[in-house]
2 protein chains.
Amino acid sequence: MAWDTEQTRRRLKEAATEEFAANGLNGTTVERIARRASVNKERLYHYFGDKEQLYAAILNDELVRIAEAVQLPSAEDMDVGEFAGRVFDYHSSHPHLARLLHWEGLSYAGKIPLQEKRTPYYTAKVDAIKAAQRAGGITDELDPADLAFMLIALAAWWFAVPQVVQMLTGQTGDDPADRAKQRAAVVIAARRLAHDPPR
Amino acid sequence: MAWDTEQTRRRLKEAATEEFAANGLNGTTVERIARRASVNKERLYHYFGDKEQLYAAILNDELVRIAEAVQLPSAEDMDVGEFAGRVFDYHSSHPHLARLLHWEGLSYAGKIPLQEKRTPYYTAKVDAIKAAQRAGGITDELDPADLAFMLIALAAWWFAVPQVVQMLTGQTGDDPADRAKQRAAVVIAARRLAHDPPR
DNA sequence: GAGTCCCCCAACCACAACGTTGGGGTTGCA
DNA sequence: TGCAACCCCAACGTTGTGGTTGGGGGACTC
C-alpha cells in the first residue's frame, strides 16, 4: 500500500485545529490529537516539531483562511451593517478561528506571533473606514480604529462568552433561529454605531 | 504564636485569583498558587477541596464583587453611555473578572456554574433597559437583552483580545491615556447604540 | 533482488502536577 | 498538667503527558 504522507499531515492539522480550538494550548494533549487523527504521536513530532509549533502552524493557517474569506468593503458605498453581519457569519460558520483568537488573547503576554502578517489585515479595514469617513458615509464622531474594533466586538462577543448569552437572552446558540436573530441585532447595532441618521 | 486561619484562606484566594486570571484553570498549578500565597499546598486541599472547587469559589467571589460595585442605573434618566463607561472602568480596574469570565466562556460546555446566582444580575439589567424603553429614553429598535449584551461587549472586548487592540490601534493598554481614550470611545458608542438622536 | 531511504508504530523515559499522609507543633479546655 | 482538637508542613505515591527511540517494513533505484 502506498503512503500518503500529505494526508497524514493534513489529518494531524485538522485534528489539532479541533482540539486546540476546543481546549486551548494547555488543555490539549498530544495523545488526543494523535488519536483523533488516527495517527501515531511520533508523526506529530516528526512533522511539526512540538506542540507549540503545531499550534503556531494551525493559527497561521486559520488566519490566512479568514484573510482570504472576508472581502474588504469598498470605501464609497460601504454598508457597515452588512460588514458586521459578514464578520458575524464568518465566526458563526468558522468557530475555530474565533476560539483560537480568544485563547491567544488570554495567553497574550506582549508579543504577537506572526504580527507582521496579521497587522495589514486590520489596518486595511481601518483605512477603508477612514476613507468612508472622508466620503461622508460614516460618522467621524469616532476614531476609525476604535470604530473598527468595536464593530468586530459586536460581532464576535457572542462567540466569546456563550455562557453570558445564555444567561442574558436564554439562547443556547445551537439554534439557527437564535443565530439569525443575533445577526439581525448586530447589523442594526453596527449601523447605529457607524452611520449618522437618517439611517 | 497565634494562628490566623482566616488570613491563610484569604491569601490562598488572592493568589488563586491572580493565577487563574492569568493562566486559566488548566494553565495554573496548585504549587504555584501555594508558593505565591506562601502557604503549604495541603492547606489548599484542606480548605477548598481541590483545584476546581477553588476556581468556583474564586469566580463566585468576583461575581459578587462586581454585582455590588456596579450600580444599576435607574430607569428614567438612564444615560447608557455612562453605564457602559462604568462597566469599562470596572473591567479596567479589575481585569481579573473579565479574564475569568473569558476563560470560562472558552471552557463552557453547556452547564454554567452558580447559574441561579448569576442570572438575576443580568436580568436586572435587562429589566432596567426594558423600562427605559417604555419610558422612551432608549431605542426600541433593539431587543433589550441584545442591547444589554452588546453594551457589555463594547466595554469588555478591549480586555478580551488585547492583541487585536494592539494591531488595530497600536495601543498597548498599559498607558492610562490609552485607556481614557478607549473609555471615551465606548461612551460615545454606547450612546449611539441606545439613544435615538438628537443625542 | 540487493541496497537504501523513508514512513510508521509500540514501547519506553523523564518529569511535572495533583492529591495524600504522617508527624510535629500550638491552642484551648478540663 | 494532661488531653483533645486543630493548624501546619515536608515528604511521598500516583498518574498523566510531553517527548524519544529502536526496529519493522513498504517503495523506489540500480
Side-chain angles (χ1 to χ4, degrees), chain A residues 1-61 99-100 103-104 106-107 109 111 113, chain B residues 1-61 99-100 103-104 106-107 109 111 113:
Chain A
M1 189 186 93
W3 280 313
D4 190 344
T5 140
E6 207 46 52
Q7 169 172 336
T8 302
R9 292 176 71 103
R10 214 192 58 241
R11 280 167 67 178
L12 274 174
K13 270 190 179 176
E14 282 171 6
T17 305
E18 296 286 337
E19 290 290 331
F20 283 137
N23 309 112
L25 179 60
N26 280 317
T28 297
T29 79
V30 174
E31 303 241 358
R32 280 183 61 85
I33 295 175
R35 214 171 37 238
R36 179 190 276 258
S38 301
V39 159
N40 190 279
K41 194 169 54 156
E42 179 267 356
R43 290 291 85 193
L44 188 155
Y45 291 97
H46 178 76
Y47 286 131
F48 299 102
D50 63 9
K51 194 164 85 159
E52 277 191 59
Q53 287 178 60
L54 175 58
Y55 187 78
I58 297 300
L59 190 62
N60 184 39
D61 276 19
R99 294 182 60 89
L100 288 171
W103 286 115
E104 186 196 19
L106 286 171
S107 311
K111 67 165 188 359
Chain B
M1 188 185 94
W3 279 312
D4 190 345
T5 140
E6 206 45 51
Q7 169 172 338
T8 302
R9 292 175 70 103
R10 216 193 55 243
R11 281 166 66 178
L12 275 173
K13 270 188 180 177
E14 283 170 6
T17 306
E18 296 286 337
E19 290 290 330
F20 282 137
N23 309 112
L25 179 61
N26 279 317
T28 296
T29 79
V30 174
E31 304 239 359
R32 279 183 62 85
I33 295 174
R35 214 171 37 237
R36 180 189 275 257
S38 301
V39 159
N40 190 280
K41 195 170 53 157
E42 179 267 356
R43 290 290 86 194
L44 188 154
Y45 290 98
H46 179 74
Y47 286 131
F48 300 101
D50 62 8
K51 195 164 84 159
E52 277 190 59
Q53 287 178 59
L54 175 58
Y55 187 80
I58 297 299
L59 190 60
N60 184 39
D61 277 19
R99 293 182 60 88
L100 288 171
W103 286 114
E104 187 196 21
L106 285 171
S107 311
K111 67 164 188 1

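Just so it is clear: chains get the letters A, B, ... in the order the sequence lines come, proteins before strands, and each one is counted from 1. Heavy-atom basis, side chains included; hydrogens, waters and symmetry copies ignored.
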Look at B:Y47 and D:dC8 and indicate whether a side-chain polar atom (N or O) is within less than 4.0 Å of OP1 or OP2. yes
Distance in angstrom units between A:R32 CZ and D:dG18 C1', rounded: 16 Å
Without decimals, in angstroms, what is the distance between A:D50 CG and D:dT20 P? 8 Å
Can you tell me the distance, in whole Å, between the CD atom of A:E42 and the C1' atom of D:dT20? 9 Å
Could you state the atom-to-atom distance from CD of B:E6 to C1' of D:dC7 in whole Å? 14 Å
If you apply the rule side chain to side chain contact (heavy atoms under 4.5 Å, CB included), what do you find for A:F20 with A:K51, and how did you get there? CA-CA 10 Å; A:F20 283 137; A:K51 194 164 85 159; 3.9 Å; yes
What is the separation between atom CD on A:E31 and atom P on C:dC9, rounded to the nearest whole Å? 14 Å
Test item: B:W103 side-chain N/O and B:A21 main-chain N/O as donor-acceptor pair under 3.5 Å: yes
Using the side-chain heavy atoms of B:Y45, tell me which of these nucleotides is nearest: C:dT20, D:dC8, D:dG19. C:dT20
A:E19 pairs by salt bridge (charged side-chain N to carboxylate O under 4.0 Å, His left out) with which of A:R35, A:R36, A:R99, A:K13? A:R36
Closest approach to the side chain of B:K41, judged atom by atom: which nucleotide of D:dC7, D:dG19, C:dT20 is it? C:dT20
Should B:L54 and B:Y47 count as side-chain neighbours, where that means a heavy-atom distance under 4.5 Å? no
On DNA chain D, does the nearest nucleotide to A:G49 precede the nearest nucleotide to B:T8 from the 5' side, or the other way round? Give the residue. B:T8
Here the distance between atom P of D:dC7 and atom CD of B:Q7, to the nearest Å, is 15 Å
Classify the nucleic acid contact of B:T28 as base, sugar-phosphate or nothing, counting any heavy atom under 4.0 Å across all strands shown. sugar-phosphate
To the nearest angstrom, the CZ-C1' distance between A:F48 and D:dG19 comes to 16 Å
Protein-nucleotide distance (B:R35, atom CZ; D:dC8, atom C1'), rounded to Å: 19 Å
B:K51 near the nucleic acid: base, sugar-phosphate alone, or nothing, with a heavy-atom cut-off under 4.0 Å? sugar-phosphate
One thing to verify: whether A:E14 and A:R10 come together as a salt bridge, which I'm taking to mean a side-chain N less than 4.0 angstrom from a carboxylate O. yes
